[in-house]
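Heavy-atom basis, side chains included; hydrogens, waters and symmetry copies ignored. In this text, all values refer to a predicted model and were calculated from it rather than measured experimentally. Note on naming: letters A, B, ... go to the chains in the order of the sequence lines (proteins, then strands), and numbering restarts at 1 for each one.
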Amino acid sequence: MTIQQLIEQLPLQLLTTQLNVNGSFHDVYTSDLLSAALAKVTEDHVWVTVQVHQNILGVASIKQAAAIILSENLMPDKDLVSKAQEKGIVILLSPYTSFETSGMLYNMLKEEKNGNK
Amino acid sequence: MENTLSTTTDKVFLYDVIGAQFDTIGSKALAVKKMLNDYFPKNDYLRRLGVCVFEAEANLAIHTIHGGSIEVMIFSDRVRITAKDDGPGMKDMKKALTPGFSTAPESARQLGFGGGVGLNNIKRFADYFYIESSKKGTTLIFEVWNDDDPTTH
Ligand SMILES: Nc1ncnc2c1ncn2[C@@H]1O[C@H](COP(=O)(O)OP(=O)(O)OP(=O)(O)O)[C@@H](O)[C@H]1O
Ligand SMILES: [Mg+2]
């Protein structure tokens, strides 16, 4: 699934509007612990979290995450968005909780898998 | 001990980590990753190293009095990282290495640190791990080997 499809289907708001959203992902990891995300997130993952501070950019860019979804409409400050843009990290905003967001993503990915069979 | 190491490489880079400054955690790890790209242009390898350096950097920023230093030594087949600080050290090494144990302050926990798994991440992603600690400070040494190189094993 591409980030573009994800944005349209959930729907989500793209905060890093200057970045392209053609990248794809096949898995999701949800955690607010940075060490957990560091261990588990890969370039194939979208990372769901409620953390909205600078350090998430370090984690995402070291692991080259496909995107970060900030749940519960937790709007980060402009500085974070512009830094994310510089680093090429796609940031998406979700109105749902991390649980709800992850649940919807789980179903979407499952449907996609079944559809491909 | 340090003499025998210095004869095998001349590529050493040093990074300072400021103590009690949380918002920049990750910046040194990214700088190291970027620098190493010239020597090991391999995504997987650099990601493993990046995770380990991030964890070492976070610990220097969160658990020390004055911060510390991260030394990066580059060999043909591996990178050796040495993270050093001058205290206060770990009270109980066994506890510190137990997943879930953390003395991180509330201010760091709010940012998503303090899960107590950082050192275990390093153990998991690195190929060599050594740590010693006293009141005078903590020294953490780890290596990540470039597995493509047949001379590594
Ligand atoms: N350089 C250090 N100096 C003193 N104590 C340290 C140092 N590094 C780690 N510790 C101690 O070891 C504990 C475990 O460290 P570890 O990195 O595994 O977890 P954490 O830093 O508490 O949380 P996380 O890394 O998951 O964010 C720390 O809580 C701290 O008590
Ligand atoms: Mg730590």
Side-chain angles (χ1 to χ4, degrees), chain A residues 23-27 29-72 74-89 91 97-98 101-102, chain B residues 15 17 21-37 41-59 61-63 96-102 104 107-126 144:
Chain A
S24 62
F25 68 100
H26 299 94
D27 208 346
Y29 188 70
T30 305
S31 179
D32 300 323
L33 274 181
L34 302 188
S35 289
L38 267 175
K40 293 283 173 61
V41 170
T42 71
E43 75 276 27
D44 211 25
H45 279 81
V46 164
W47 174 25
V48 182
T49 181
V50 295
Q51 301 285 6
V52 289
H53 55 83
Q54 300 283 331
N55 305 111
I56 61 172
L57 300 182
V59 171
S61 83
I62 277 171
K63 296 309 286 284
Q64 292 160 309
I68 305 176
I69 298 181
L70 305 175
S71 36
E72 301 187 39
L74 283 162
M75 184 63 89
D77 56 33
K78 281 198 188 110
D79 194 37
L80 184 135
V81 175
S82 66
K83 285 214 171 98
Q85 228 135 220
E86 266 167 44
K87 290 188 154 90
I89 302 163
I91 309 272
T97 65
S98 290
T101 306
S102 308
Chain B
Y15 297 80
V17 178
Q21 185 176 303
F22 301 162
D23 58 340
T24 52
I25 292 174
S27 62
K28 297 298 152 82
L30 281 172
V32 170
K33 195 183 170 202
K34 203 167 165 194
M35 178 275 289
L36 286 173
N37 190 48
K42 259 180 60 189
N43 264 334
D44 245 32
Y45 182 68
L46 293 175
R47 268 198 296 263
R48 273 206 292 150
L49 263 158
V51 170
C52 298
V53 178
F54 187 105
E55 297 291 8
E57 180 185 354
N59 284 355
I62 296 169
H63 303 298
L97 290 171
T98 306
F101 173 86
S102 177
S107 52
R109 287 175 198 261
Q110 273 173 10
L111 301 175
F113 297 101
V117 291
L119 289 171
N120 282 273
N121 266 356
I122 300 177
K123 263 188 156 173
R124 184 171 142 202
F125 285 94
V144 182

With a 3.5 Å cut-off and no angle check, do the side chains of A:Ser82 and A:Gln85 form a donor-acceptor pair?
-> no

Ring pair (Phe, Tyr, Trp, His ring centres under 6.0 Å) against B:Tyr45, all qualifying residues, sequence neighbours excluded | B:Phe40

So which part of B:Arg124 gets closer than 4.5 Å to some heavy atom of chain A, the side chain, the backbone, both or neither?
-> side chain

Indicate yes or no for a side-chain donor-acceptor contact from B:Arg109 to the backbone of B:Ala104 under 3.5 Å, with no hydrogens or angles considered.
-> yes

Looking at B:Leu49, B:Asn43, B:Val117, which one has more heavy-atom pairs under 4.5 Å with chain A than the rest?
-> B:Asn43

With sequence neighbours left out, the residues meeting side-chain hydrogen bond (donor to acceptor under 3.5 Å, both in side chains) with A:Gln51 are A:His53

Chain A contacts, top residue of B:Thr24, B:Val53, B:Leu111, B:Leu46 (heavy-atom pairs, under 4.5 Å) = B:Leu111

Cut-off 3.5 Å, side chains only: do A:Thr30 and A:Ser102 have a donor facing an acceptor?
-> yes

At a heavy-atom separation under 4.5 Å, does A:Val50 approach chain B through its side chain, its backbone, both, or neither?
-> neither

Tell me, side chain or backbone of B:Phe22 under 4.5 Å from chain A's heavy atoms, or both, or neither?
-> backbone

